[in-house]
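What follows is a set of notes on a single structure, which appears directly below.
Quick caveat, the model's predicted, so the values are computed rather than measured.
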Amino acid sequence: WIDPEFPNDIFNHQILMVPLDGDSIWLECTSNYNDFNHLSSFTENRYALILTETGGKLVKTPLGKAGKNQWKASSSVMINPDGTASSETLLDVSGEYKYEMMNLNMESKDIQRTHMINQVGFIHPDGMEIQFGDRAKETYRMVVKTNTEKIFDFKAGNKLFLKTRLYKIWSLKLEPQAKREFDYLIRHPLSKSDTTVFVLPEGWTVEALPKSKAASFPLGRFESKYWYDESKRAVFS
């Protein structure tokens, strides 16, 4: 990070700026998969030293945008009468999430599985198959298929308690603070959404669902909804 009021040579990375009459184009030269004119959280929203014919000057690199770092998941979970289940998740990612998954694609299947469980937070499956998408497209589609011998979180009598989705939509838990002393920093602007559909076996029904919630604040918003479609025997979350 550069402080314009305190000259100091701490530069250790080079990128390319193409000056135009309107907005300039910024290219990440050291990456072979960053999208065109999209900097990562490593180089966006900070000062860069531009070398010109008349000398150097400090300019700010572009701000990141939530629309460029999107995570969209859609999961269908088929539950069997014995509590086993199979699922298919269509995962469309862009920006930072795309780069994360493209890096994952270069790892072994064991590391891929471990990452999806430990980092993304998927319910520990008995089997997992991951299909990676086309890196040339701005939106990178993945297909994650799982099967598990116990889809429910726990059982009490004839009642089964399920998690609302197959994975954690947010990996960190921020504890409430009456008086926060330090800022909570997010690495980059983002947009995450998830739709999970649990298809119940014949004869099953829903006794209780979580309450829908909504919250908004100057820098973002959160919304969750839950409902049951009896005609489809499907729980939506």
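Within a 6.0 Å sphere centred on NZ of Lys137, heavy atoms belonging to other residues, nucleotides or ligands number 12 at most. Applying the 6.0 Å contact sphere to CD of Glu149 captures no more than 12 heavy atoms from other residues, nucleotides or ligands. By the 6.0 Å contact criterion, NZ on Lys72 is open, its count of non-hydrogen atoms from other residues, nucleotides or ligands being 12 or less.
In terms of modelled atom types and a separation under 3.5 Å, the side chain of Asn37 and the main chain of Trp26 share a donor-acceptor contact. Using modelled atom types, no side-chain atom of Ser216 and backbone atom of Arg221 make a donor-acceptor pair closer than 3.5 Å. Counting only distance, with no hydrogens or angles, the side chain of Asp134 and the backbone of Ala136 share a donor-acceptor pair below 3.5 Å. In this structure, Gln112 contributes its side chain and Glu107 its backbone to a donor-acceptor pair below 3.5 Å. Of the possible polar contacts, one joining the Ser237 side chain to the Thr164 backbone as a donor-acceptor pair under 3.5 Å is found.
Figure legend: Lys213 and Phe222 shown without cation-pi pairing, the cationic atom not lying both under 6.0 angstrom from the six-membered ring centre and within 45 degrees of its axis.
Residues Glu96 and Lys68 are not paired through a salt bridge, judged by the lack of any N-O separation under 4.0 Å between the basic side chain and the carboxylate. Under the 4.0 Å criterion applied to side-chain N and carboxylate O atoms, Lys150 and Asp126 are not assigned as salt-bridge partners. With respect to Glu223 and Lys225, a salt bridge is recorded, a charged nitrogen being found less than 4.0 Å from a carboxylate O.
Between Lys98 and Arg135 the shortest heavy-atom distance is NZ-O, 3.1 Å. Between Pro189 and Ala66, the shortest heavy-atom distance links the atoms CB-N, 3.5 Å. Pairing each heavy atom of Pro125 with each of Met128, the nearest pair is CG-CE, 3.8 Å. Listed here is the closest heavy atom pair of Glu44 and Leu39: OE1-O, 3.4 Å. Scanning all heavy atoms of the two residues, the minimum distance from Arg165 to Ile123 falls at O-CD1, 4.0 Å. For the pair His124 and Thr148, the tightest heavy-atom approach, listed with the atom from each and the gap, is O-OG1, 4.1 Å.
Residues Pro201 and Asn80 fail the side-chain proximity criterion, which asks for heavy atoms closer than 4.5 Å. Under the 4.5 Å side-chain criterion, counting only non-hydrogen atoms from C-beta, Tyr228 is in contact with Leu209. Annotation: side chain of Ile79 is not in contact with side chain of Phe152 (no heavy-atom distance under 4.5 Å). Between Lys168 and Val120, every side-chain heavy-atom pair lies at or beyond the 4.5 Å cut-off. Considering only heavy atoms from C-beta on, Glu100 comes within 4.5 Å of His115 through its side chain. Put simply, the side chain of Val197 does not reach to within 4.5 Å of the side chain of Val77, judged on heavy atoms. Annotation: side chain of Ile50 is in contact with side chain of Met17 (closest heavy-atom distance under 4.5 Å). Counting heavy atoms from C-beta outward, Glu129 and Val144 have side chains that stay 4.5 Å or more apart.
Remark: the Asn118 side chain and the Thr114 side chain contain no N/O donor-acceptor pair separated by less than 3.5 Å. With hydrogens and angles left out, the side-chain atoms of Glu207 and Thr205 include no donor and acceptor closer than 3.5 Å. Judged by distance alone, the side chains of Thr196 and Asp194 do bring a donor and an acceptor atom under 3.5 Å apart. A donor and an acceptor atom, one from each side chain of Ser75 and Ser87, are nowhere located under 3.5 Å apart. With hydrogens and angles left out, the side-chain atoms of Arg46 and Thr61 include no donor and acceptor closer than 3.5 Å.
Put simply, Phe236 and Val199 are part of the same group of oily side chains (I, L, V, M, F, W, Y) that touch within less than 4.5 Å, one to the next.
Between Phe161 and Phe154, the angle of the ring planes stays under 30°, which puts this pair in the parallel group of the 30/60° scheme. Note on ring orientation: taking the six-membered ring where Trp is involved, the planes of Tyr99 and His38 are tilted (angle from 30° to 60°). Ring planes of Trp71 and Tyr167: tilted class, angle from 30 to 60°.
Interatomic distance, Leu49 CG to Gln14 CD, rounded to the nearest 0.5 Å: 10.5 Å. With rounding to the nearest 0.5 Å, the separation of CG in Asp92 from CZ in Arg141 is 4.0 Å. Note: Leu16 CG to Cys29 SG = 4.5 Å, rounded to the nearest 0.5 Å.
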Pair Ile151, Leu162 - check side-chain contact (heavy atoms from CB on, under 4.5 Å), show working. CA-CA 7 Å; Ile151 191 61; Leu162 305 177; 4.1 Å; yes
Check step by step if side-chain contact (heavy atoms from CB on, under 4.5 Å) holds for Trp227 and Val235. CA-CA 6 Å; Trp227 70 95; Val235 180; over 6 Å; no
Run the side-chain contact (heavy atoms from CB on, under 4.5 Å) check on Lys145 and Val143 step by step: do they pass? CA-CA 7 Å; Lys145 298 180 180 180; Val143 180; 4.1 Å; yes
side-chain contact (heavy atoms from CB on, under 4.5 Å) between Leu190 and Lys192: does it pass, once the steps are laid out? CA-CA 7 Å; Leu190 58 95; Lys192 299 188 79 171; 3.8 Å; yes
Please assess Ser231 against Asp229 for the test side chain to side chain donor-acceptor pair (under 3.5 Å), listing each intermediate value before the final yes or no. CA-CA 6 Å; Ser231 64; Asp229 187 327; 2.5 Å; yes
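Between Tyr97 and His188, the gap from one ring centroid to the other is short of 6.0 Å.
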